[in-house]
Amino acid sequence: MTQHWLFKTEPDAYSIDDLKREKRGSWDGIRNYQARNRLRDDMKIGDLVLIYHSSCAVPAVVGLAKVVSAAKVDPSQFQPSSPFFDAKATADKPRWVMLDIAWQETFAKPLTLKVIKQDPFFADMELVSRGRLSIQYVAAECFNEILRRCR
DNA sequence: GCCAACGTTGGC
DNA sequence: GCCAACGTTGGC
């Protein structure tokens, strides 16, 4: 069964426009265990992913992507020059994973966090209740309603 | 830039 | 294994 997700990204670092230009990209740099476990254990090829811009002027859901690979070792954990370097990760025991997503769509009408927070329909979203988690589940009904409003 | 929320670390 | 200290996230 296809599941629905929301990935946060800071547009200054990597935006929906960057993903569109590259067509697909590896979602690396996740350094939170719960987010990692979801990437590794719960996500399946074909799952749909809302892309959300955080830490910017207008935080909002801005586009749609699709999971196109299984989880795999995130090489940035081994690179001392990377901001995502983890000295405790080894080739034998890697800690962090990434997966690939492909751009699907950039929304005509991004749905802002402000609107999401104001609407009781979205009250149970992790975006509202667990703001800091970077890989979030999205219930099918919320996902469909977001798509409907953004297009 | 502030600060609340919350995840991680490490001493005990 | 508890919990205080500390670091990070991210909205405002």
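Chain naming here is simple, since letters A, B, ... match the order of the sequence lines and numbering starts at 1 in each. As the structure is a computational prediction, the values presented were derived from the model and not from experiment.
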Undergrad: Cut-off 3.5 Å, side chains only: do A:Ser26 and A:Asp100 have a donor facing an acceptor?
TA: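 Checked: A:Ser26/A:Asp100 side chains pair up, N/O donor to acceptor below 3.5 Å.
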Undergrad: Mark up nucleotides 3-11 of chain C, 5' to 3', with B wherever a protein heavy atom is under 4.0 angstrom from a base atom, S wherever such an atom reaches only the sugar-phosphate, and - elsewhere.
TA: ----BBBBS
Undergrad: Other residues, nucleotides and ligands only: do more than 12 of their heavy atoms fall within 6.0 Å of CG on A:Asp124?
TA: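 Atom CG in A:Asp124 is not crowded, with 12 or fewer foreign heavy atoms closer than 6.0 Å.
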Undergrad: For A:Asn32 and for A:Lys88, locate the closest nucleotide of DNA chain B by heavy-atom distance; then report the residue assigned to the nucleotide nearer the 5' terminus.
TA: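 That would be A:Asn32.
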Undergrad: Say whether A:Gln34 and A:Arg130, considering side chains only, have a donor N or O and an acceptor N or O under 3.5 Å apart.
TA: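 A pair is found: one side chain offers a donor N or O, the other an acceptor, under 3.5 Å apart.
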Undergrad: Classify the ring geometry of A:Trp27 against A:Tyr14: parallel below 30°, tilted from 30° to 60°, perpendicular beyond 60°.
TA: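 The rings of A:Trp27 and A:Tyr14 stand perpendicular, inter-plane angle above 60°.
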Undergrad: Answer yes or no: is there an ion pair linking A:Arg21 with A:Asp18, defined by an N-O contact shorter than 4.0 Å?
TA: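 A salt bridge links A:Arg21 with A:Asp18.
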